[in-house]
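Keep in mind that what you see is a predicted model, and the values were worked out from it rather than measured. So you know, we letter chains A, B, ... as the sequences are listed, proteins then strands, and number each from 1.
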2 protein chains.
Amino acid sequence: MIQKINRMSLVEQVVEQIEQLIEQEKWKVGDKLPPEMELMKKFDVSRNTLREAIRALVHAGLLETKQGSGTLVRSTSSLGAALKRHAKKTTMLETLEVRLALEKQAAQMASQLRTNEDLAQMNTYIQKCKDAMNANEMEQFITSDIEFHKTIVRASGNQLLIDLYDNMTDILYSFVYNFMAIDPSIQLEVKFHTQLFEAIKKQDQQSAQMYVENDMEILKERVVRMMED
Amino acid sequence: MIQKINRMSLVEQVVEQIEQLIEQEKWKVGDKLPPEMELMKKFDVSRNTLREAIRALVHAGLLETKQGSGTLVRSTSSLGAALKRHAKKTTMLETLEVRLALEKQAAQMASQLRTNEDLAQMNTYIQKCKDAMNANEMEQFITSDIEFHKTIVRASGNQLLIDLYDNMTDILYSFVYNFMAIDPSIQLEVKFHTQLFEAIKKQDQQSAQMYVENDMEILKERVVRMMED
DNA sequence: CCGCATTTGTTCGTATGTATC
DNA sequence: GGATACATACGAACAAATGCG
């Protein structure tokens, strides 16, 4: 039996393994990696090799090293890191518009493909949004709101669309999060959620896209208002 | 006058400079970089430092090194490279759907923002498409077709949208290019181009989005047919 | 086919700066 | 402040691939 020769350099192999560990969430965002000595033993490579692999991942944006402290996980994919870097060169409004584009398409596709499980999940998150609104719990509202939208996009079944959307959402909310406040527009938002849900349930593609636009218009106004301050 | 301290490591600085040189097309895709010795002198860093910068860019997908031969430019942005890697894990159909999402949004925005120059350019490319079709020149048709669509997306004014769209288009056509043939559907395609152009001219957002869908349906059928073979 | 120059790949060693305890 | 561990940068020597005459 002939074994395939390992054409990948040691560094590349370590990089791949670390990438997978992060993608599989064995090492989560914010986690601190084990110290170099431990990793050397685990991967069975020299310190130089390990360090080089880590540097590659630092430049890719997945890891972050702090002198004297350690290395920690910063992002889950190089796509996310590249998007974040790119998004910084543009405005939040542009990111929002791209996110709108993705969600509109997702809503249209979800109208055709949604399963009963999808619908049930959407319903759950809508209810959570309502509860959070009544209890004036902003943080809970935002979390449920994000999950509601992500459920729609997941229902599209398009993995590339899902990944891009999730990254855009992360970028947006990492900026907007602290500037949110309970205000009358939230009631409108919940109303649009319900309408959007009904459209997807009825498999009405046109209306689904329209309600996405309505819903995101609110977020857009918040971003614009935020940028004026 | 207080000077800002250079917090960036030498490697990072070299990486940035090379990235800029590539982005500004001083080093174009396919070009061979000057040998390490020369670059060492130009950037005034040691070989190790330079090599580490190059390695980071190789991992990011912008450069490619060949022992004994040299280093050459592979891609113009890390976003593009990350997207390409990601897109390989999914299907062409998914890429096409995301591209459709972006172009629909772009068409809607272009309907509002298009300048007379934009319209003139679109017209030019439509004419080139017609000419190529009559002359049975497939390659010329595809090139003009791509340019027509890109012009619409550019007219949206959203740089993030433009970059993502361009990359998606590159990925798609690098797969589909060689499988195209002159067939009756091309006549339909030109017809949709004209309709789409008229909608943008009349600033009719709804129709513009619809015609994008019609137009891309043809491409979708081609991709599906191609994948069956 | 050989030999050679060019170019990148790999692995040492060393010096200095910097964060943490 | 001192000790320790890690980060950063440079230099040098040798290996391996490529291309040319």
Peer 1: Quickly work out the L10(B) CG to dA15(C) C1' distance and round it to whole Å.
Peer 2: 15 Å
Peer 1: Establish, from distance only, whether the side-chain atoms of Q140(B) and S144(B) form a donor-acceptor pair under 3.5 Å.
Peer 2: yes
Peer 1: To the nearest angstrom, how far is D44(B) atom CG from dT8(D) atom P?
Peer 2: 19 Å
Peer 1: Under a 3.5 Å threshold, yes or no: a donor from one side chain and an acceptor from the other, between K104(A) and Q108(B)?
Peer 2: yes
Peer 1: Just by distance, with hydrogens left out, do D118(B) and T115(B) show a side-chain donor and acceptor under 3.5 Å apart?
Peer 2: yes
Peer 1: Of the candidate nucleotides dC10(D), dT10(C), dA17(D), which contains the atom at the shortest distance from the side chain of Q67(B)?
Peer 2: dA17(D)
Peer 1: Test E189(B) against R222(B) for salt bridge (Lys or Arg N to Asp or Glu O under 4.0 Å), laying out the working first.
Peer 2: CA-CA 12 Å; E189(B) 206 165 336; R222(B) 283 211 195 106; 3.0 Å; yes
Peer 1: Assign each of N48(B) and M37(B) to its nearest nucleotide of DNA chain C by heavy atoms, then name whichever residue's nucleotide is nearer the 5' end.
Peer 2: M37(B)
Peer 1: Is there a donor on the side chain of R55(B) or the base of dG9(C) sitting less than 3.5 Å from an acceptor on the other?
Peer 2: no
Peer 1: Given dC10(D), dT8(C), dA9(D), which nucleotide is nearest the side-chain atoms of V11(B)?
Peer 2: dA9(D)
Peer 1: Output yes when at least one side-chain N/O atom of R47(B) is less than 4.0 Å from OP1 or OP2 of dC10(D), else no.
Peer 2: no
Peer 1: Rounded to whole angstroms, how far apart are CZ on R51(B) and P on dA13(D)?
Peer 2: 17 Å
Peer 1: Quickly work out the M40(B) CE to dC10(D) P distance and round it to whole Å.
Peer 2: 9 Å
Peer 1: Check the distance between dT8(C)'s P and E38(B)'s CD and give it to me in whole angstrom.
Peer 2: 10 Å
Peer 1: Between dG9(C) atom C1' and L63(B) atom CG, what is the distance in whole Å?
Peer 2: 16 Å
Peer 1: On the nucleotide dG9(C), are OP1 or OP2 found under 4.0 Å from the side-chain N or O atoms that T65(B) carries?
Peer 2: yes
Peer 1: Given dC10(D), dT7(C), dT10(C), identify the nucleotide with an atom nearest to the side chain of P35(B).
Peer 2: dT7(C)
Peer 1: Side-chain N or O of T71(B) versus OP1/OP2 of dT8(C): is the shortest distance under 4.0 Å?
Peer 2: yes
Peer 1: Looking at S69(B), does any N or O in its side chain come under 4.0 Å of the phosphate oxygens OP1/OP2 on dT18(D)?
Peer 2: no
Peer 1: Round to the nearest Å and state the distance from E36(B) atom CD to dG9(C) atom P.
Peer 2: 6 Å
Peer 1: Just checking, any donor-acceptor pair under 3.5 angstrom between side chains of Q159(A) and D163(A)?
Peer 2: yes
Peer 1: Write down the distance between CD (E64(B)) and P (dG9(C)), rounded to a whole number of angstrom.
Peer 2: 11 Å
